[in-house]
Number of protein chains: 2
Amino acid sequence: MPDQQLKSWIEVAPDSDFSIHNIPFGIYSDNNVKHHICSAIGEYIIDLFELESADLLDMNRSVLEEQYLNSFIELGKTETNRVRQRIIELLSSADSILKTDKAFFNKVFKKQSDVKMLMPVRIGDYTDFYSSIDHATNVGTMFRDPANALLPNWKHLPVGYHGRASSICVSGHSFHRPKGQQKPADSDNPVFGPSKLLDIELETAFIIGKKTEMGDNVSTGDADNYIFGMVLFNDWSARDIQTWEYVPLGPFLSKNFASTVSPWIVTLEALEPFRMKGYEQVPQLLPYLQYTGEKNIDIKLEVFLKPKDGKENLIIKSNYKYMYYTMEQQLAHHTVNGCNINVGDMMASGTLSGPEPHEFGSMLELTWRGTKPLKLNDGSERKFVNDNDSIIIKGHCEKNGMRVGFGECAATLLPAK
Amino acid sequence: MPDQQLKSWIEVAPDSDFSIHNIPFGIYSDNNVKHHICSAIGEYIIDLFELESADLLDMNRSVLEEQYLNSFIELGKTETNRVRQRIIELLSSADSILKTDKAFFNKVFKKQSDVKMLMPVRIGDYTDFYSSIDHATNVGTMFRDPANALLPNWKHLPVGYHGRASSICVSGHSFHRPKGQQKPADSDNPVFGPSKLLDIELETAFIIGKKTEMGDNVSTGDADNYIFGMVLFNDWSARDIQTWEYVPLGPFLSKNFASTVSPWIVTLEALEPFRMKGYEQVPQLLPYLQYTGEKNIDIKLEVFLKPKDGKENLIIKSNYKYMYYTMEQQLAHHTVNGCNINVGDMMASGTLSGPEPHEFGSMLELTWRGTKPLKLNDGSERKFVNDNDSIIIKGHCEKNGMRVGFGECAATLLPAK
């Protein structure tokens, strides 16, 4: 059980995502550092490479200066959990050398606002699921048949598909509105141009922490040993390109122009205190998808739209608890055919919508295909995302005075090239 | 123009895939070598690392002992084409040191039968297209409507989707029949078990040779500068899993349990002499998909089914020339939205079928959903692939006495685990 009384000798604001209960992992750079593994506490990053220069972590230091977390994660959960616990100990122990040696403190701790966070992992394969029942129902209602909004397979398996890893960027980037084929309703032929219906998708994703060999499968009961942690994820989507291209093999150019991840991987261990019961799953699933225990997680999610030089508008307030399928079920399904997974693979939730309109996870749903535009605090309206808008996803867990959060997953849409 | 009179002082059988006009690239290992880049001539591999030990290639030797070809390919076409031409020179020049120094010859040349070919590239992202009009028409006829077999988008863009890179294996491997959900026609609910309809897909693939940045696109006219070369590809598919899972986001577990590539990357330069005119594309495509010149390629393709301890049965005789969309169009489409590509990415053709029944590229089509079983030379029948069957794809170009081939793309299906 986590020690709720645990306190860091570094002051942490009550609304900080980076309490001593979190201790996530990431990669940072600044003028002096090309890339070091770091953790976070309050408004600081903790440079683990520098921490180990005083042998405080008792590990191979070279892993801590790699470009990505992959090698660190490959050390295994026993080791990465030990390192995380060691950091918690150093931050909570009253006689920590970090507390007493000011020069050393300044080498190890840097203000988050002074560093640049980099892509945390080298993603091998990226999979996107479609596991939110409210999202699937909304989309099915809009595009197919309200009476049969869910396709026949939906309640029997976590539908998923493969996505493009190359264009996944870390929070803070910008990208150009994609161009592509769209088929106007009043035309026999497609036209080419910038997407007019550029959308967001509120998602989370988990990062694989342990590889399997081809032919092996991971059970729901063992899945947590293969999940290193979670990130926030925005699966940007061009709806007009998607509608025209996606039959029969699924979305392609409508998704692969850009996706955004948050830079901190919050470990599954840090999220454990916030587990909760999920949706009841009826009809009963096949045995390989059944699980025991509370496997959903209470993660409060918010999405903000910020026009250029404007203010943040809260446009979505939702929760990860609305997922119909758990990560453990997604991973069991993904591997039940013997598909092998590698450390650094990323598996995303799919657009996450809750039952209430303000919990819908895409502009498509929020504005109901553009029929109910959002009103922003500057008086303007949005049906979809405008050029130069920034989208910021935030997420955190909070319970019994413990707060564990993800920081931001932010990106800006530039005009088409 | 290639010199058709070019001859190697090493004897090359007339039916060898590895004439002096080919000079492909791959990675091999044996008892003494963990992994070296190699080329091939006749029945030999040529160890390029050893060749460079006598400074015969005038390049950075360390690149030649990497696990994958990626760094070599990243040197750029100017350099890799120079190396290829240099090898051709060494193999054709009468006074080559290789010819005169027997000890050196034995260090550099090894019998192909004595070495193991490894995975040639570290694949970043893998994309599969759906660009054979005969295949798409067959599938549309079987599963939808013979009168409207092609979906409305098919003749306007090369439909494609993302696949799983982790389970792509080099020729010579075996894998277990996948298990998964299937929905029998006479049941309301899905069942779980080994796939009963395990299929092959005859494909080729091209390997990206030059990266782009997000936001950039590659025109059809410039595409060949981004294509390093081609391989043979078998996109194993579990049809019963596919039918149940694939709506609305495309195939997933029905494809990602295993795929097979041939070990030699045949360069685009070696394939140039075999270019030919492709299908007429009507209706006219949007400008970004139009191209000039002869961009299809005359590659003769054969697929053999070999039961355990049995003989090879030729089950497909087809040709790459039947592709409706060219590689140049596929790449232009893939990048037109700004999607970035990396060296080592793999883009596959999609199942390649010709117009005649013996040219169909899958068991699904060959046996027309199992209604017309194939008769093998041992008297047995096949509707789909049986346990312990091996599937071997072969491919080569031949023209004016020049032969350029791919070797084999072979794998064996083991019983479900």
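As the structure is a prediction and not an experimental result, all values here were calculated from the model. All values below were derived from every heavy atom in this structure, side-chain atoms included, with hydrogens, water molecules and symmetry-related copies excluded. Sequence lines set the chain letters: A, B, ... in the order given, protein chains first and strands last, and positions in each chain run from 1.
One finds the NZ atom of B/Lys417 at 4.0 Å from the CG atom of A/Asp216 (value rounded to the nearest 0.5 Å). The CG atom of A/Asn337 lies 9.5 Å from the CZ atom of B/Arg164; values are rounded to the nearest 0.5 Å. For the atom pair A/Asn153 CG and B/Lys183 NZ, the distance stands at 10.5 Å (nearest 0.5 Å).
Of the two parts of B/Leu253, the backbone and the side chain both hold a non-hydrogen atom closer than 4.5 Å to a non-hydrogen atom of chain A. Neither the backbone nor the side chain of A/Leu285 has a heavy atom closer than 4.5 Å to any heavy atom of chain B. Both the backbone and the side chain of B/Ile341 come within contact range of chain A, with heavy atoms under 4.5 Å apart. Interface residue A/Val191: only backbone heavy atoms are found under 4.5 Å from chain B.
With hydrogens and angles disregarded, no donor-acceptor distance shorter than 3.5 Å links the side chain of B/Glu245 to the backbone of A/Val159.
Along residues 128-137 of chain B, the residues that come nearer than 4.5 angstrom to chain A, judged on non-hydrogen atoms, are B/Phe129, B/Tyr130 in order of number.
A/Phe252 and B/His334 have perpendicular rings, their planes meeting at more than 60° on a 0 to 90° scale where under 30° would count as parallel.
For the options A/Gly180, A/Gly338, A/Pro194, A/Gly215, heavy-atom pairs under 4.5 Å to chain B are most numerous at A/Gly215.
For B/Phe175 against A/Met214, the heavy-atom pair with the smallest separation is CB-CE, 4.1 Å. What you find for B/Asp125 and A/Gly163 is that their closest heavy atoms are OD1-O, 4.2 Å. Scanning both residues, B/Ser166 and A/Asn342, for their nearest heavy atoms gives CB-ND2, 3.6 Å. Here the closest non-hydrogen pair linking A/Leu286 and B/Pro190 is CD2-O, 4.0 Å.
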Let me see the working for A/Phe192 and B/Tyr288 under ring-ring contact (aromatic ring centres under 6.0 Å, His included), right down to the final yes or no. CA-CA 9 Å; A/Phe192 179 81; B/Tyr288 81 91; 4.9 Å; yes
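Within the 4.5 Å cutoff, side-chain heavy atoms of B/Leu157 are placed close to those of A/Trp244. A/Gln181 is not listed as a side-chain neighbour of B/Val336, based on a closest heavy-atom distance of 4.5 Å or more.
At most 12 non-hydrogen atoms from other residues, nucleotides or ligands lie less than 6.0 angstrom from CG of B/Asp188.
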